[in-house]
Amino acid sequence: MRTAHDLVHRMAMVPRMMEARGLDVTPDMIKRFRKIGDLETAEILKIILSEEIGHVEAGSRWFSFLCKERGIDAEQTWLDLVQTYLASDIRCPLHWETRKQAGFSDNELEQLQELCTRN
């Protein structure tokens with residue numbers, strides 16, 4: 001509800017934060033299921049992770065498109081919105097590899113890592 005007033009805010013928070021959290025936790029979940037011998041669940045999670053990377057990447061593309069359309073810097077806008085909405089509620093660990101596949105820059109990940117490390 002907090003982002004309903006602005007599509008840029010919504011695209012920054014829903015795919016690039018909420019959905020992207022799945023990119024952080026799913027790789028470790030896959031490892032855990034493999035470790036206990038549940039290979040079927042691990043394979044299902046691999047499929048879900050692959051699809052989630054695509055969803056987050058699409059959100060990243062739309063977010064960048066909307067920022068460009070408004071003449072604002074996408075990276076700085078995203079970082080500002082993260083601070084506005086979630087600065088004290090960002091959790092580690094971050095899974096850099098999957099987030100990069102989904103359109104996050106090194107700078108965005110470094111800034112996000114700094115925020116989640118503080119919490």
Side-chain angles (χ1 to χ4, degrees):
M1 293 302 297
R2 291 177 59 207
T3 62
H5 69 284
D6 191 310
L7 189 55
V8 168
H9 291 220
R10 176 65 54 99
M11 296 308 291
M13 291 300 102
V14 175
R16 297 199 89 225
M17 285 304 295
M18 294 172 72
E19 290 182 32
R21 189 65 186 138
L23 303 180
D24 298 330
V25 300
T26 305
D28 199 38
M29 290 171 52
I30 293 168
K31 289 177 189 173
R32 289 180 185 178
F33 278 105
R34 282 188 179 140
K35 186 176 181 178
I36 64 168
D38 188 346
L39 302 182
E40 183 178 2
T41 300
E43 287 304 309
I44 291 167
L45 286 172
K46 275 180 57 178
I47 294 167
I48 292 169
L49 178 60
S50 175
E51 291 177 359
E52 197 63 27
I53 290 169
H55 296 159
V56 175
E57 194 277 328
S60 291
R61 272 187 286 120
W62 277 110
F63 176 75
S64 293
F65 172 82
L66 292 167
C67 288
K68 184 176 181 180
E69 192 174 68
R70 292 184 185 185
I72 56 179
D73 180 75
E75 191 170 289
Q76 188 58 54
T77 299
W78 181 75
L79 293 167
D80 291 344
L81 291 171
V82 167
Q83 286 281 354
T84 298
Y85 289 103
L86 299 170
S88 63
D89 196 30
I90 298 169
R91 297 183 185 169
C92 289
L94 303 176
H95 197 270
W96 285 48
E97 180 184 337
T98 54
R99 280 187 180 252
K100 287 186 76 158
Q101 290 174 26
F104 285 81
S105 72
D106 286 331
N107 183 52
E108 289 173 321
L109 292 171
E110 288 166 6
Q111 298 295 322
L112 196 59
Q113 183 72 45
E114 185 177 316
L115 288 172
C116 78
T117 304
R118 278 193 242 156
N119 296 331

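Position 1 is the first residue of the sequence; numbering continues from there.
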Review point. Quick one: are Val8 and Phe63 in side-chain contact, heavy atoms under 4.5 Å?
Key: yes
Point to revise | Test item: Gln113 and Cys116 side chains (from C-beta on) under 4.5 Å apart, heavy atoms | key: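 Yes, side chains in contact.
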Is any NZ, NE, NH1 or NH2 atom of the basic residue among [X] and [Y] found under 4.0 Å from an Asp or Glu carboxylate oxygen of the other?
X: Lys100; Y: Asp106; value: yes
X: Arg21; Y: Asp24; value: yes
X: Arg99; Y: Glu108; value: no

Practice item. Please test Phe104 against Arg16 for side-chain contact (heavy atoms from CB on, under 4.5 Å), starting from the C-alpha separation and ending with a verdict. Key: CA-CA 8 Å; Phe104 285 81; Arg16 297 199 89 225; 3.4 Å; yes
Give a yes or no on whether [X] and [Y] share a hydrophobic cluster (residues Ile, Leu, Val, Met, Phe, Trp, Tyr; joining criterion: side-chain heavy atoms under 4.5 Å apart).
X: Val25; Y: Ile48; answer: yes
X: Ile44; Y: Ile36; answer: yes
X: Met17; Y: Val14; answer: no
X: Val56; Y: Phe65; answer: yes

Practice item. Let me see the working for Trp62 and Leu7 under side-chain contact (heavy atoms from CB on, under 4.5 Å), right down to the final yes or no. Key: CA-CA 10 Å; Trp62 277 110; Leu7 189 55; over 6 Å; no
**Study point:** Side-chain donor or acceptor of Ser64 paired with backbone N/O of Ser60 under 3.5 Å
**Key:**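 At least one qualifying donor-acceptor pair exists.
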Exercise for review: Mark yes or no for whether Thr41, through its side chain, and Asp38, through its backbone, hold a donor-acceptor pair below 3.5 Å.
Suggested key: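 Answer holds: no.
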Give, for atom [atom1] of [X] and atom [atom2] of [Y], the distance between the pair rounded to the nearest 0.5 Å.
X: His9; Y: Asp80; atom1: NE2; atom2: CG; answer: 9.5 Å
X: Arg91; Y: Leu112; atom1: CZ; atom2: CG; answer: 13.0 Å
X: Ile53; Y: Glu19; atom1: CD1; atom2: CD; answer: 12.5 Å
X: His5; Y: Arg2; atom1: NE2; atom2: CZ; answer: 9.5 Å

Check your understanding: If you look at every heavy atom in Pro27 and Gly22, which pair is closest and at what distance?
Key -> CD-O, 4.3 Å
**Study point:** With Thr26, the side chain to side chain contact (heavy atoms under 4.5 Å, CB included) member among Ile30, Leu23, Asp28
**Key:**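 It is Ile30; the other options fail the test.
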Exercise for review: Please lay out, stage by stage, how Gln101 and Glu57 fare under the test side-chain contact (heavy atoms from CB on, under 4.5 Å).
Suggested key: CA-CA 7 Å; Gln101 290 174 26; Glu57 194 277 328; over 6 Å; no
Practice item. Give a yes or no on whether Arg32 atom CZ has more than 12 heavy-atom contacts from other residues, nucleotides or ligands under 6.0 Å away. Key: no
**Study point:** All side-chain contact (heavy atoms from CB on, under 4.5 Å) counterparts of Asn107, not counting sequence neighbours
**Key:** Glu75, Leu79, Ser105, Glu110, Gln111
